[in-house]
Amino acid sequence: MTLKPHRRLIAMGTPYFMQYALERLLEAKDENGEYLFDLVAIYTRAPKPNGRGMGLVYSPVHKAALELQKNYRLPFEIVTPETFKDPEAVKKFQSFEPDLVLVGAYGLKLTKPILDTPSMGCINLHASLLPKYRGASPIQRAILNGEKETGLTIMNMAEGMDTGDILAQKVLKLEPTMTTQDVCTALSKMAPDLLMKVLLENPKGEKQDESKATYADKITKQEAQIDWSKSPKIISCQIRAFSPVPGAFTFIENDKGHYLRLKIYNVLPSDQKAKSSEHGVILQNDGKLVVGCGNGALEITDLQLEGKKRMTGEEFIHGNILTKGTKLLNAALVLQQMSAEGKKKIIKEDSPTFWRIVSLLIPRHGRPQKAAADSQPRPMKIQDR
RNA sequence: CGCGGGGUAGAGCAGUCCGGUAGCUUGCCAGGCUCAUAACCUGGAGGUCAUGUGGUUCAAAUCCCAUCCCCGCAA
């Protein structure tokens, strides 16, 4: 079947997951050289005061949209509603008279009036093989759970969370070295071909098998804390799942007695062994940066110390910050040491460093308590395979 | 004006508190030793110490002031 040209297109997203798919749609032409789609609006989350200095921070899609506005052949609007429950927002949406809405990781729930407006429907790109891993963090959860494969699903949107009918799927094999960023890029590059196929063939949607549905909860910072007594396999999954954001982390004590956060973005398996007393201890720091963990060890290849740039393990070694025998700490240990070393006045009870560490021990929004040092960090939701 | 760390050789860092010869690891170049090497030895190049031709001083990477840039937290 062929498509009529000049369908009115709206794109929605926050991270730029549908980048390649959108680019393909905007370039697509019919046999007469007419553009198939005219972009009329891009929806994204409103910029918020954020970051250093609390300046306004724009979403990746917003930035890309501003860039696109400079050289796209037609004017289009950038819209940032707070919710679609507001009748005004719905009216605004309908005024664009869209034929097709392309959604990729938008973050706002689309209400029924929105879903019913476009003639060709609201098509969603989801980063998992639905009905598995519905929800906010499908890629992270798949890596965290050590899945062997995941994939991209193109679906017709429905009111529930990722419950719509499946139009097409493509599997991606998960290599044991891939990070969330790698997978995200790979999946978003798979999207254009799959999407064009869907648009041209217009398949009948396939209902999801509700009994097989699983949910990928949003990731939390507590889950990103590394427990070095876990096995190398589990820690590797965790590090790759949280790479690059928020970054799996641990703490070190520097020579000034400050506790600094160390984020680890990628690791390689190491054949070195570690005793239980060597969990989190640097076993080697020449040529390779190797740290001991439960029943094995890992080579750190990509990391960042608080206040420093991200660098490779080799670069990090040259600065000689982590000497052999240094122990990497978790938040509970840091607090224990801090309270045990009352002599160390450097970290005061109410200093930012102190509260930063405390905040990692307390499940979100909780108020820190005096006994925080004795409490264990929240267990990680990782299954040992 | 939310909180904090940082800018010193191509890269990663020390030196700054307490002012007095510009250092370390690595990379690069040349030579040596090796069957050979990411190993080892010898020598060498490479820095206006972020910027202000700013202030203090006999003397500033170091102390004071201002500006620019990078990074982490928090939300």
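Numbered from 1 within each chain, the chains take letters A, B, ... in sequence-line order.
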Distance between P atoms of B:U21 and B:C68 (Å, rounded): 33 Å
Whether A:Lys221 contacts B:A74 is assessed here as follows: a side-chain N or O lying under 4.0 Å from the phosphate OP1 or OP2. Is that the case? yes
Taking the same atom, P, in B:A38 and in B:G31, what whole-Å distance lies between them? 15 Å
Given B:C71, is OP1 or OP2 found less than 4.0 Å from the side-chain N or O atoms of A:Gln304? no
Thinking salt bridges, do A:Glu175 and A:Arg240 make one under a 4.0 Å N-O criterion? no
Quick check, are the ring centers of A:Phe17 and A:Tyr106 under 6.0 angstrom apart? no
Pairwise P distance, B:C28 and B:U37 [rounded to whole Å]: 14 Å
At under 4.0 Å, does any side-chain N or O of A:Lys263 touch on OP1 or OP2 of B:C73? yes
Heavy-atom side-chain contact between A:Leu25 and A:Leu199 under 4.5 Å: yes
Expressed as a whole number of Å, how far does the P atom of B:C13 sit from that of B:A9? 11 Å
Return the nearest nucleotide to the side chain of A:Glu306; candidates are B:G12, B:G72, B:G6. B:G72
Residue A:Glu315, side-chain atoms from C-beta onward, closest of B:C73, B:G12, B:G6: B:G12
Could you give the distance separating B:G52 and B:C18 at their C1' atoms, to the nearest angstrom? 27 Å
B:C73 and B:G27, which share atom name P, separated by this distance in whole Å: 32 Å
pair_partner(B:G4), Watson-Crick or wobble, both distances < 3.5 Å, evaluates to B:C71
Polar pair under 3.5 Å, donor/acceptor by atom type, side chain A:Arg52, base B:G72: yes
What interatomic distance, in whole Å, is found between C1' of B:C71 and the corresponding atom of B:C17? 24 Å
When both distances are under 3.5 Å in a Watson-Crick or G-U wobble arrangement, the nucleotide paired with B:C40 is B:G32
Is A:Arg24 salt-bridged to A:Glu27, going by a charged N under 4.0 Å from an acidic O? no
Whole-Å C1' distance, B:A61 and B:A22: 9 Å
